[in-house]
Amino acid sequence: MNIPITSFPRIIIIGGGFSGIALAKKLSKQEVQVVLLDKNNYHTFQPLLYQVSTGGLEPDSIAYPIRKVLKNFPNFHFRLANVTQIDDKNNTVITDIGNLKYDYLVVASGSTTNFFGNAEVEKHSMAMKTIPQSLNLRSLILENFEDALLTSDLNERNALMNFVIVGGGPTGVELAGALAEIKKGILPKDYPDLDTRSVQINVIQSSDSILKGMSEKASEKAEDFLEKLGVNVWKNLRVTNYDGKTVTTNTDLVFETATVIWAAGVKGALIKGLDAADFVTRSNRLLVNSFNQVKGYKHIFAVGDIACMVTDDFPNGLPMMAQPAIQQGRQLGDNMLRLIEGKPMQPFIYKDKGTMATIGRNKAVVDLKRFKFQGIFAWYIWMFVHLFFLIGFRNRMVVFVNWVYNYVRFDREARLIIRPYKKKNKV
């Protein structure tokens, strides 16, 4: 990999997500050598992926070059690599561009879509965890309307304009709201010769409420917002299969649709070599102690979505969200320096800053520690928080200008089929 030999301890970080970037920034001015490995050369602001999928933003608005984040730090090195295995016995990371030894290893590989073992659903549905996946989804949504114009088969046309979102968490709710606004404000202008009133947007949730991790008030208000936008919310319903044309459920209810978007869960992106059953949870996360050390290891750590830190407040591990990842990355940077210097590490304590979700124009729900907001004020809070945590001044400005333009004109300029996506078994 042409990494310089140094007398400093070498810390390898696998993954350039929220936790990996936060850790690298914390360590990059210290007397350690930091090597960050990622299969992409950019950091993705995942909370806004749904806006790329629905034409609200271009992908470069929510992506930022990893090299640029840490360009002024001499002991930092980035390599574009796909990590295939960890050899813990020889302290070596094995990648598609070569192998590299470490003194300390931090796994920040993030998460991937969890299809819960349903291979048929995985084959035919759309995921939305990466920028390429979001661009595929954007193309498919727009192609569906183009195909609907061409067919004279009413059932086929209805299936092309029927969208099923599986999962009523923040991702599913925000995506449904965005699609509803496209149906209301854009489709009638773009497709005047198509009866866009036939567009159906369905959210399927397996439990008795959407936004399960938020307050009851937030859940109820979000459902109310969705229903006023014309979204069909189906609760206590579980998808059992999707063959590319028909969604079957645990009831007699079926959906004929060309597009299923799977937002029903995530799991840790495990790496071979750290997959022993005694420290991997059911959701493919690595069990870590309060110092983020992987169970059974002193020099291997895990942070972010891949790490499962069990606490009294979170018996199933900290939530797989940006804030825990950022906080873990920052504190681990301090703890690794303490460890190298022979000082005792400090246990990680998660500071819950709240959760939020937007359902569309002037509609959002925010749960803070002491206060809960719904409606337009919550929407302003949501926008401010997301702009604040975006990396790069240009990205913040581009996103802000896009939001202002979309709000004033009720438009989404990025509804472009840049690269056509042809789904297998398309209706």
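One-based numbering along the sequence shown.
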Within 6.0 Å of CZ in R282, more than 12 heavy atoms from elsewhere: no
Donor-acceptor pair, side chain of N402 and main chain of V398, under 3.5 angstrom: yes
Heavy atoms from other residues, nucleotides or ligands near CG of D278 exceed 12 (cutoff 6.0 Å): yes
Candidates F78, F76, Y64 - the one meeting side chain to side chain contact (heavy atoms under 4.5 Å, CB included) with V69: Y64
Verdict with reasoning, K26 to D334, per salt bridge (Lys or Arg N to Asp or Glu O under 4.0 Å): CA-CA 7 Å; K26 196 76 174 180; D334 291 331; 3.8 Å; yes
Main-chain N/O of P4 paired to Q33 side chain as donor or acceptor, under 3.5 Å: yes
Pair T54, R412: side-chain N/O donor-acceptor within cut-off below 3.5 Å: yes
Heavy-atom neighbours of F400 CZ exceed 12 at 6.0 Å: no
Distance-only side-chain donor-acceptor flag, S215 / D367, under 3.5 Å: yes
Parallel, tilted or perpendicular, as decided by the 30° and 60° cut-offs, for the rings of H124 and Y242: perpendicular
With sequence neighbours excluded, residues passing salt bridge (charged side-chain N to carboxylate O under 4.0 Å, His left out) with R138: E58
Under 3.5 Å: donor-acceptor pair, side chain of E174, backbone of Y50: no
Audit row: R79, I97, side chain to side chain contact (heavy atoms under 4.5 Å, CB included) steps and yes/no: CA-CA 9 Å; R79 292 294 182 267; I97 62 169; 4.0 Å; yes
Pairing of K363 and D224 as salt bridge, 4.0 angstrom limit: no
Heavy atoms of other groups near E31 CD, more than 12 under 6.0 Å: no
Polar contact flag, side-chain donor to acceptor under 3.5 angstrom, T259-T257: no
Side chain R396, main chain L387, donor-acceptor under 3.5 Å: yes
Worked check of side chain to side chain contact (heavy atoms under 4.5 Å, CB included) between L274 and Y297: CA-CA 11 Å; L274 286 182; Y297 294 94; 3.8 Å; yes
D38 CG to I13 CD1 distance, which is reported to the nearest 0.5 Å: 11.0 Å
Audit row: I261, V166, side chain to side chain contact (heavy atoms under 4.5 Å, CB included) steps and yes/no: CA-CA 6 Å; I261 305 164; V166 185; over 6 Å; no
Set of residues satisfying salt bridge (charged side-chain N to carboxylate O under 4.0 Å, His left out) with respect to E341, sequence neighbours excluded: K343
N82 backbone acceptor or donor facing D96 side chain under 3.5 Å: yes
Nearest-0.5 Å distance that lies between atom OG in S209 and atom CD in E216: 8.0 Å
Full working for side chain to side chain donor-acceptor pair (under 3.5 Å) between N232 and N202: CA-CA 5 Å; N232 303 314; N202 302 280; 3.1 Å; yes
Test item: side-chain donor near acceptor, S19 and Q328, under 3.5 Å: no
Non-neighbouring partners of R338 that pass salt bridge (charged side-chain N to carboxylate O under 4.0 Å, His left out), sequence neighbours left out: none
Sidechain-backbone polar pair: Q327 side chain, K351 backbone, donor-acceptor under 3.5 Å: yes
Criterion side chain to side chain donor-acceptor pair (under 3.5 Å) on D147 and N144, from CA distance to verdict: CA-CA 5 Å; D147 292 343; N144 281 355; over 6 Å; no
Polar side-chain atom of Q331 near backbone of P347 as donor-acceptor pair, under 3.5 Å: yes
Summary of side chain to side chain donor-acceptor pair (under 3.5 Å) pairs that have at least one residue in residues 260-277, sequence neighbours excluded: none
Under 3.5 Å side-chain donor-acceptor pair for T249 and T240: no
Derivation and outcome, side chain to side chain contact (heavy atoms under 4.5 Å, CB included), residues V32 and N75: CA-CA 7 Å; V32 294; N75 294 326; over 6 Å; no
Rounded distance [0.5 Å steps], CG in L142 versus CG in L416: 8.0 Å
Side chain Q51, main chain L48, donor-acceptor under 3.5 Å: no
Matching residue for E223 among K228, K235, Q205 - test: side-chain hydrogen bond (donor to acceptor under 3.5 Å, both in side chains): K235
Trace of the side chain to side chain donor-acceptor pair (under 3.5 Å) decision for D305 with S111: CA-CA 6 Å; D305 286 359; S111 58; 2.9 Å; yes
Flag, side chain of S139 to backbone of L135, donor-acceptor distance under 3.5 Å: yes
Distance (rounded to the nearest 0.5 Å) between L286 CG and I300 CD1: 9.5 Å
Close aromatic pair by centroid cut-off 6.0 Å: F145 and F163: yes
Pairs involving residues 369-379, ordered by first then second residue, that meet side chain to side chain donor-acceptor pair (under 3.5 Å) (sequence neighbours left out): none
Six-ring centre of Y407, R361 cation under 6.0 angstrom, axis tolerance 45°: yes
Residue K212 excluded, over 12 heavy atoms near NZ under 6.0 Å: yes
Step-by-step side chain to side chain donor-acceptor pair (under 3.5 Å) determination, T44 to Q46: CA-CA 6 Å; T44 303; Q46 289 187 338; over 6 Å; no
Salt bridge (charged side-chain N to carboxylate O under 4.0 Å, His left out) involving K39 - partner list, sequence neighbours excluded: none
is_close_aromatic(F18, H43), centroid dist under 6.0 Å: yes
Plane angle bin for F377 and F373 - parallel if under 30°, tilted between 30 and 60°, otherwise perpendicular: perpendicular
